[in-house]
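A quick write-up on the structure given underneath.
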Amino acid sequence: MNLSIFLEQVPDGDGPWWHMLASGLGWTLSTAFFAWIMAFTLGSVIGVVRTTEHRMLVRFGNAYVELFRNIPLIVQFFLWYFVVPGLIPAVKAWVITLDPTIHQFVTSIVCLGFFTSSRIAEQVRSGIQSLPRGQRYAAYALGMTQIQAYRYVLLPMAYRIIIPPLTSEVMNLIKNTAVAYSIGLVELFFRTREMGEMTFRYYEAFTAATVIYVVIAMTANRIMALIERRLAVPGYIVGGK
Amino acid sequence: MIELNNVRKWYGSFQVLTDCTTQVAKGDVVVVCGPSGSGKSTLIKVVNGLEPFQKGEITVDGISVGDPKTNLSKLRARIGMVFQNFELFPHLSIQENLTIGQVKVLGRSIEEATAKGLKYLDRVGLIEQKNKFPGQLSGGQQQRVAIARALSMDPIAMLFDEPTSALDPEMINEVLDVMVGLAQEGMTMMVVTHEMGFARKVANRVIFMDKGVIVEDCTKEDFFGSPRSDRARDFLAKIITH
Amino acid sequence: MDDLDFDVIVRTWPYLLNGLRYTLQLTLAAALGGTFFGTLLAMARLSSFKPLALVAAGYVNLMRSIPLLLVIFWFYFLMPVIIQSITGAARPVQIGADRSAYITFIMFEAAFFCEIMRAGIQSISKGQVNAAHALGLNYRQTMQLVVLPQAFRNMLPILMTQVIVLFQDVSLVSLLNVTDFVGASVKIAQRDSRVVEMYLFVAVVYFTICFTLSILVKRLQKRIAIIR
């Protein structure tokens, strides 16, 4: 294992190999960041909707979750990248005007955003449903509207309860950015493979990628544990009284 | 103030309330009792619309609860309710529990809400706990805070759904004392409970329910002295020998 | 929506079926192998022999921290070298991505099944173990006859859900040019320029299979809940 390879210049590129990997990491993290924002927002809405009394909304929410959890991620990437522009001329017209990298970037965010949002919807739903039914009644008894009840009573506790599974989702999202390789996004995994193929130093390249992913995973874990500690409610035991 | 007329409620095909008719006048303290499954909790919950009902009418202070045009949130804000499992909001401090309804629903300023909330907190004897969180208090303390929370909304009437059933025996009295105090000040109260001592002390009427039907609806003296129905007599016999 | 030719699916049906067969085979092998090794890993993690528990935990955490794609490629490069050292061959033994995928998925899924079985084993009350010991059963017999059967039955729905996830994860081997179901469809799509039709077809097939399986799992869960 010769680590000096990382300092060697990329042929026909600019900068040494570790630059390339760092740039890949940058794409990985930005994709994950934007996808998370989309997933968390959308997932929260769908999750909340699934806990209301409106039967049509609940059915819609359930269908939404089933759609995104029963198709492999790589197939979903292909659907967003090829099939949607292929079926909707307006999308195709817009996509053609984009720089290829931007097209891949946006597609990755949209794809991962929807995919992860369905998993977050599931977490949010189960978090809300794990709360004692009386909490909802107490909020209504004070005169709160449904929106106020969710905002001030149900969601604050539900989110705290689901921090551990949400942590897993963050980590899954970061790992899933590697699948964007399938549509050519130049994220970390793409750059790792590229480095391997061009220098034949596969072990160094893959070891670097492995180390980076492990460090990201540990960092994400630490951050979420910190958040959980900051938000902990004094005296509350998970599961309620 | 509260009127129920031929109220009927079904859960699917199971009838939970059958032809319930009664009134609670201003200043009345009505105790609702009966065996489990008699529908007494459900009766209380339809009064402020927490549970829907299919037939009959309910009016509170002249407002019809079943009317789809009624703003239920506004109505509920004027009725206080205390639950069996206290239902304080665990992520908020005691003080915040007391002010959140006032600020978000009644639109009071935070200063006004805090002053009023703390006044009632003191009234139930727990002013030093204002910065604690519900999980740090005992059951009896939590229930007293729950009563203070309901009182801070300046309700016209208070509904109690088995307020002491989830408490350890040594804490029941601290809550009942607060409720007795409220009754003696003239608060209109409807209380679902097994605590017959409380009923004998401050109630002026007793409603006895069995299998979703109001079997007895009479003054306290009549109920404890000579109830008309066998079921009520049976129930009393079992309860009183405690 | 013009110009779509779904006939291509009918024409290339045998080829696609072959790909689906590979996917199903790999899923089955990984499910069985993964459960077996996963259970061993779970017991290792729960053992009182610290070094073993640490190594097992380290392995599981590593597998769960890095992308599956990376694991697939790692095994693709490592397998030839490992086989070379085992068989003492002159140079790394190329075995092809489709074969290395078997090892990859068994080893990868083992980490996930480990966590599921670990939760299952820990959910069996200590009373059960005490009763077994009181009857005179040793550790191996206790595990084999009392704890593991119950743990397995309790976790069956979760295990099956993980198999459905595994079934979808297998599709990543297509990126190594392996002809699984997705790989076969990609090849047809590129060869015949029928990208939209093929990918829609793949999505529909996966959805149908996975959705049906998940309904079966839910039904199974209800039956287990009743039996309790």
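Every chain is numbered from 1, with letters handed out A, B, ... down the list of sequences.
- For a residue to count as touching a neighbouring chain, one of its non-hydrogen atoms must lie under 4.5 Å from one of that chain's; by this rule B:Leu50 touches chain A with backbone and side chain alike.
- For B:Phe89, the parts lying near chain A are the backbone and the side chain together; criterion is any non-hydrogen pair under 4.5 Å.
- For B:Glu51, the part lying near chain A is the side chain, with the backbone staying farther off; criterion is any non-hydrogen pair under 4.5 Å.
- When every heavy atom of B:Met81 is checked against every heavy atom of A:Ala141, the shortest pair comes out as CB-CB, 3.9 Å.
- For the atom pair OH (A:Tyr137) and CG (B:Asn48), the distance works out to 10.5 Å, reported to the nearest 0.5 Å.
- Residue contact with chain A, scored on non-hydrogen atoms closer than 4.5 Å, involves the side chain of B:Lys45 exclusively.
- Of the two parts of A:Arg136, neither the backbone nor the side chain holds a non-hydrogen atom closer than 4.5 Å to a non-hydrogen atom of chain B.
- The distance from the CZ atom of B:Phe83 to the CZ atom of A:Arg133 is 11.0 Å, given to the nearest 0.5 Å.
- Contacts between residues 90-112 of chain B and chain A, counted as heavy-atom pairs separated by less than 4.5 Å, involve B:Pro90, B:His91, B:Ile100, B:Gly101, B:Lys104, B:Val105.
- Atom CZ of A:Arg151 is surrounded by 12 or fewer heavy atoms from other residues, nucleotides or ligands within 6.0 Å.
- Contact of the B:Met153 side chain with the A:Leu142 side chain is registered, since non-hydrogen atoms from C-beta on lie closer than 4.5 Å.
- A donor-acceptor contact shorter than 3.5 Å is absent between the side chain of B:Glu87 and the backbone of A:Ala138.
- In A:Glu53, the CD atom is not crowded: 12 or fewer heavy atoms of neighbouring residues, nucleotides or ligands sit closer than 6.0 Å.
- Contact count against chain A (heavy-atom pairs under 4.5 Å) is highest for B:Ser73 among B:Ser73, B:Gly135, B:Gly49, B:Ala77.
- Counting non-hydrogen atoms of other residues, nucleotides and ligands closer than 6.0 Å to CH2 of A:Trp94 gives a total of 12 or fewer.
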